[in-house]
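Input: a single structure, listed below in structure tokens.
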Amino acid sequence: MEVAALIVSLVALGVSGAVSWRQIRLSEHANMLPVVVDLFREHRTVRLGQARTFVHEELPSCDLSLGLAGLPQEGRDLVRELGWYYDNLGALVAHGVVDVEPVSGYLGGSVISVWEHMEPLVAVERAKRAQNGLPDPNRWQEYFENLYHLVREAPAERVRARSRLWRLPVS
């Protein structure tokens with residue numbers, strides 16, 4: 001009888017632990033959902049679309065050796081806004097506010113391609129900041145750079161393939 005009571009207690013403890021763990025995960029997702037939805041909505045704005053187009057189509061022909069100063073004013077504004085967007089997104093991922101998986105699954109290609117186009121510009125801007133004696137010049141776009149590496153480690157195709165609700169073939 002005592003053994004049966006012990007077994008029932010252990011099973012109840014296990015079930016209670018599993019339910020608690022599931023409730024914590026649901027709570028985390030509920031807290032993250034509005035942030036992710038807003039971030040994805042912002043990424044689809046006309047302005048950030050223009051910024052991505054500029055980075056892909058016009059930035060390569062600019063004199064990146066001058067950093068932001070080598071860009072036309074409108075291009076400079078677009079690059080700053082897009083860089084800040086990804087830097088902020090990277091900060092949220094790095095600090096656990098947002099999981100990297102949905103970011104990679106939905107925006108991973110953009111994160112990678114934009115960073116690879118902007119990286120030379122970022123390097124020049126960091127060097128200029130160091131020459132000007134600004135504190136911690138390598139922090140400029142550091143969260144964006146970190147996000148790039150996180151997305152490379154968890155590429156969109158693999159993230160989607162691991163999702164239990166993904167049905168399309170992974171390329």
Side-chain angles (χ1 to χ4, degrees), residues 20-56 59-60 62 64 67-71 75-166 170-171:
S20 295
W21 180 82
R22 177 72 177 143
Q23 191 64 29
I24 289 169
R25 291 298 297 158
L26 288 172
S27 176
E28 288 172 356
H29 286 297
N31 291 335
M32 183 176 60
L33 183 62
V35 174
V36 171
V37 169
D38 284 345
L39 289 168
F40 290 173
R41 181 181 302 122
E42 184 177 355
H43 192 264
R44 292 187 311 265
T45 62
V46 170
R47 183 74 175 167
L48 288 187
Q50 292 169 335
R52 288 188 302 278
T53 299
F54 179 85
V55 165
H56 289 105
L59 188 64
C62 294
L64 300 183
L68 289 169
L71 307 181
R76 188 177 316 152
D77 292 344
L78 290 168
V79 165
R80 277 191 180 123
E81 288 177 42
L82 188 59
W84 287 333
Y85 171 83
Y86 287 124
D87 204 47
N88 290 337
L89 180 57
L92 294 172
V93 170
H95 294 287
V97 176
V98 174
D99 291 335
V100 72
E101 288 83 8
V103 171
S104 180
Y106 188 67
L107 303 177
S110 293
V111 170
I112 290 170
S113 64
V114 169
W115 174 258
E116 289 175 352
H117 278 82
M118 284 182 56
E119 185 177 20
L121 178 96
V122 171
V124 170
E125 279 300 310
R126 288 175 177 173
K128 286 172 64 174
R129 284 162 166 48
Q131 289 172 349
N132 292 336
L134 293 175
D136 204 5
N138 289 327
R139 281 194 60 211
W140 194 71
Q141 298 299 313
E142 192 172 47
Y143 281 111
F144 181 10
E145 181 178 9
N146 186 64
L147 179 63
Y148 165 80
H149 290 288
L150 290 172
V151 168
R152 295 291 303 231
E153 291 171 6
E157 300 79 26
R158 191 170 71 221
V159 167
R160 290 183 201 132
R162 283 196 319 237
S163 172
R164 64 182 182 83
L165 297 176
W166 191 259
V170 179
S171 51

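Count residues from 1 along the sequence. Not measured: the values here are computed from a predicted model.
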Exercise. Taking atom types as modelled, is there a side-chain donor on Y86 or Q141 under 3.5 Å from an acceptor on the other?
Worked result: no

Problem set entry | Sub-4.5 Å side-chain heavy-atom contact between M118 and F144 | yes

Exercise. When rounded to the nearest 0.5 angstrom, what distance separates CG in L165 from CZ in R160?
Worked result: 14.5 Å

For this session: Tell me, yes or no, whether the heavy-atom count around R139 atom CZ, taken from other residues, nucleotides or ligands under 6.0 Å, exceeds 12.
Result: no

Problem set entry | Check: H43 main-chain N/O paired with R52 side-chain donor or acceptor under 3.5 Å | yes

Seminar exercise, completed: Correct closest heavy-atom pair for R47 and D77 would be NH2-CB, 3.8 Å

Exercise. Is any side-chain N of the basic residue among R126 and E142 closer than 4.0 Å to the acidic one's carboxylate O?
Worked result: no

Problem set entry | Side-chain heavy-atom pair Y85, L39 within 4.5 angstrom cut-off | yes

For this session: Verify, without hydrogens or angle tests, whether N88 (side chain) and W84 (backbone) share a donor-acceptor contact under 3.5 angstrom.
Result: yes

Exercise. Picking from V151, L147, V122, V55, what satisfies side-chain contact (heavy atoms from CB on, under 4.5 Å) with W115?
Worked result: V122

Seminar exercise, completed: When rounded to the nearest 0.5 Å, the distance separating CG of L71 from CG of L59 is 6.0 Å

For this session: Please report the shortest heavy-atom distance between P60 and H117, naming the atom on each side.
Result: CG-CD2, 3.9 Å

Problem set entry | Under 3.5 Å: donor-acceptor pair, side chain of S113, backbone of G109 | yes

For this session: Mind checking the CZ-CG spacing from R41 to L48? Nearest 0.5 Å is all I need.
Result: 13.5 Å

Exercise. Distance-only, no hydrogens or angles: does the Q50 side chain make a donor-acceptor pair with backbone N or O of L78 under 3.5 Å?
Worked result: no

For this session: Answer yes or no: is there a side-chain heavy-atom contact under 4.5 Å between L107 and L89?
Result: yes

Problem set entry | Heavy-atom pair of closest approach, residues P137 and A130 | CB-N, 3.5 Å

Exercise. Hey, what's the ring geometry for F40 with Y106, parallel, tilted or perpendicular (30° and 60° as the breaks)?
Worked result: tilted

Seminar exercise, completed: Rounding to 0.5 Å, atoms CZ (R152) and CD (E116) come to a distance of 5.5 Å

For this session: Could you pull out the closest heavy-atom pair between N146 and A94, with the gap in Å?
Result: ND2-CB, 4.1 Å

For this session: Can you see which heavy atom on P155 is nearest to which on S104, and at what distance?
Result: C-OG, 3.5 Å

Problem set entry | Backbone of K128 reached by a side-chain donor or acceptor of N132 within 3.5 Å | yes

Exercise. With a 4.5 Å limit on heavy-atom distance, are the side chains of V114 and H56 in contact?
Worked result: yes

For this session: State the OG1-CG distance between T53 and L82, to the nearest 0.5 angstrom.
Result: 10.0 Å

Exercise. Do L64 and V124 touch side chain to side chain, with heavy atoms closer than 4.5 Å?
Worked result: no

